[in-house]
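One structure is given here, and the rest of the page talks about it.
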Amino acid sequence: MKIGFVGKGGSGKTTLSSLFIRHLATTGAPVVAVDADINQHLGPALGLDDAEAAALPPMGGHLPLIKEYLRGDNPRIASAETMIKTTPPGRGSRLLRVDEENPVYAACARPVRLDGGEVRLMATGPFTESDLGVACYHSKVGAVELCLNHLVDGAGEYVVVDMTAGSDSFASGMFTRFDMTFLVAEPTRKGVSVYRQYREYARDYGVALRVVGNKVQGPDDLEFLREEVGEDLLVTVGHSDWVRAMEKGRPPHFSALEAENQAALETLLATADAAYGLRDWERYTRQMVHFHRKNAESWGNERTGADLAAQIDPDFLLSEDAVLALPG
C-alpha cells in the first residue's frame, strides 16, 4: 500500500505520519518510509538525532544510479540521462518491491529501529545553499516520484510518504501515486484551506482522500471540522503527552501512547488496508502516462533533447504481476 500524508505547514503532518509508521512497525509489516518534505523532519520524528538525520543519503544525490537501475533493458529509453521524474516503466524496466534488497535501497535507504520492528527510511535530501537560484525543490522530489512510478507493492506492504507541505503537493503528478492520502487538518480556517484545494484535485483524479483532524481540544473543534470537512473526516487526534515527550527526544515505549490515539492509528491502518481492494492498475498506469506526456511537452523534451513520449510502452500495464516479466 502506498500512503501519503499531506497538510499545511505546522498541521502536525510529519508527527502523524511518524506515529503511523511506528504503528506499522509494531505489526512487523515491511515498511519503506520516505521524507519528501522540504523541511526533512521525518527522521528526527522517528527518533534519529541530528547527526543521524543529517547522515541520511539524499535520494536526489543518487538520481543517476536510480535512473540507471530502473531503466534496466527497456529498449524505449535510450539512456538514463533522458529519464525524467515522470518516466514510466515498460517492458525491460526494473521494478522495485517493498521487501527486497536492491541497489536503490542500498544507496538511499537506512534501517531505523523502532519499538516492535524496523523500517527503511529514505529522504529526498534538504534544499541546500548551492541550490538557491539554480534549482527547484521539486527536482529533488522527482527521485521519489520516479521510484513510486516503478514500485509494485502488495497487501501487507507499506510505503509511507511524508509529502511537502501545503499546495506544493500538487506541483507534480505524485499526488496521484497513493492508494490512500491522509490530509492532516487543524480545526481552524487556515487548517482546512489546504483540504479544500486538495479535495478538488482528488476529485478530478480519483484520489482516495480522508481527513485526520489534529490538535482537537473539545466538542467545538470537532463540530467545526465536521461542518467544514463533512464525510471526509475520518478520525481526530488530540493532545498527547507521548508526542510531547517524543518532541523532547525522550519518548517512552510506543505502547505507552494514549489508548485513544492508538485507536486512531488503527483506524488509519484499517482504512488504508481497505483501499487495497479498490486498486485500479489501469487507471494508475494511465495517470502515470498522462503526467509524463504533460511534463515532456512542457519542459522535458527541450531539456533532454529527446522525444520523451516515445518512452511510453502502450502495451505495458503496471501491476503486481508485471514484476514477473521484468529483470530482477
Side-chain angles (χ1 to χ4, degrees), residues 2 4-5 14 17-18 21 31-72 74 77-89 93-98 100-112 118-151 159-165 168-169 171-174 177 291-292 295 299-300 303-304 306 308 311:
K2 293 180 283 290
F5 279 80
T14 297
S17 61
S18 72
I21 291 164
V31 179
V32 174
V34 183
D35 190 345
D37 192 348
I38 190 170
N39 293 310
Q40 301 284 279
H41 291 321
L42 184 58
L46 292 174
L48 300 187
D49 61 31
D50 291 343
E52 291 170 329
L56 288 172
M59 295 179 69
H62 291 86
L63 192 53
L65 178 150
I66 293 172
K67 290 180 176 180
E68 191 61 53
Y69 179 75
L70 297 179
R71 174 190 172 216
N74 187 334
I77 302 176
S79 68
E81 288 74 21
T82 62
M83 295 178 72
I84 62 173
K85 63 181 182 178
T86 52
T87 295
S93 298
R94 291 191 179 96
L95 300 184
L96 301 175
R97 296 300 302 247
V98 175
E100 69 173 4
E101 300 298 331
N102 60 56
V104 174
Y105 291 159
C108 303
R110 294 295 178 265
V112 176
E118 186 175 272
V119 304
R120 281 180 168 135
L121 176 61
M122 305 172 73
T124 60
F127 196 67
T128 65
E129 185 175 347
S130 63
D131 295 317
L132 296 177
V134 297
C136 169
Y137 180 71
H138 301 110
S139 65
K140 294 180 178 292
V141 179
V144 181
E145 186 170 356
L146 190 60
C147 286
L148 289 179
N149 280 355
H150 289 74
L151 178 72
V159 177
V160 182
V161 182
D162 181 22
M163 295 280 281
T164 192
D168 278 356
S169 296
S172 74
M174 194 162 68
R177 301 296 83 198
F291 281 104
H292 184 59
N295 279 270
W299 60 269
R303 181 173 300 180
T304 63
L308 299 185
Q311 295 177 340

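Since the structure is predicted, the reported quantities are computational estimates derived from the model, not experimental observations.
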Once rounded to the nearest 0.5 Å, what's the spacing between atom CG of D37 and atom CZ of F5? 13.5 Å
Taking H62 for the side chain and A143 for the main chain, is one N or O donor matched with an acceptor at less than 3.5 Å? no
Taking only residues two or more places apart in sequence, or in another chain, which ones meet T87 in a side-chain hydrogen bond (donor to acceptor under 3.5 Å, both in side chains)? Q311
Taking only distance into account, with no hydrogens and no angle test, what donor-acceptor pairs under 3.5 Å do side-chain atoms of residues 100-111 form with protein atoms, sequence neighbours excluded?
unit_1	atom_1	unit_2	atom_2	d
E100	OE2	R97	N	2.9
E100	OE2	N102	ND2	2.7
E101	OE1	R120	NH2	3.2
E101	OE2	R120	NH2	2.8
N102	OD1	V104	N	3.0
N102	OD1	Y105	N	2.7
Y105	OH	R97	O	2.8
R110	NH1	A106	O	3.2

Within a strict 4.5 Å, meaning less than it, do heavy atoms of the V34 and L148 side chains meet? no
Any side-chain to backbone donor/acceptor pair from D35 onto H41? Under 3.5 Å, distance only. yes
Apply side chain to side chain contact (heavy atoms under 4.5 Å, CB included) to T164 and V141, showing your working. CA-CA 9 Å; T164 192; V141 179; 5.6 Å; no
Identify the heavy atoms of N74 and P89 that sit nearest to each other, and give their distance. ND2-C, 4.3 Å
Specify the closest pair of heavy atoms between S18 and L42, including all atoms of both residues, with the distance to one decimal. CB-CD1, 4.0 Å
Checking side chain to side chain contact (heavy atoms under 4.5 Å, CB included) for the pair R177/N149: CA distance, chi angles, key distance, verdict? CA-CA 8 Å; R177 301 296 83 198; N149 280 355; 3.3 Å; yes
Rounded to the nearest 0.5 Å, how far does SG of C147 lie from CD1 of I66? 4.5 Å
Determine the minimum heavy-atom distance between A123 and L56, stating which atoms define it. CB-CD1, 4.3 Å
How far does CG of L46 sit from CG of L121, to the nearest 0.5 angstrom? 6.0 Å
Rounding to 0.5 Å, atoms CE (M59) and CG (L65) come to a distance of 11.0 Å
When rounded to the nearest 0.5 angstrom, what is the spacing between OG1 in T124 and CG in L63? 12.0 Å
Between CG on residue L308 and CE on residue M83, distance to nearest 0.5 Å: 10.5 Å
Name all pairs fulfilling the salt bridge (Lys or Arg N to Asp or Glu O under 4.0 Å) condition that reach into residues 52-72, sequence neighbours left out, sorted by first residue then second. E68-R71
Looking at every heavy atom in both A36 and V144, which two are closest together, and how far apart are they? CB-CG2, 4.4 Å
Run the side chain to side chain contact (heavy atoms under 4.5 Å, CB included) test against N295 and tell me which residues pass, sequence neighbours left out. I84, K85, T86, F291, W299
I'd like to check the side chain to side chain contact (heavy atoms under 4.5 Å, CB included) partners of E81; sequence neighbours left out, ordered by chain and number. S79
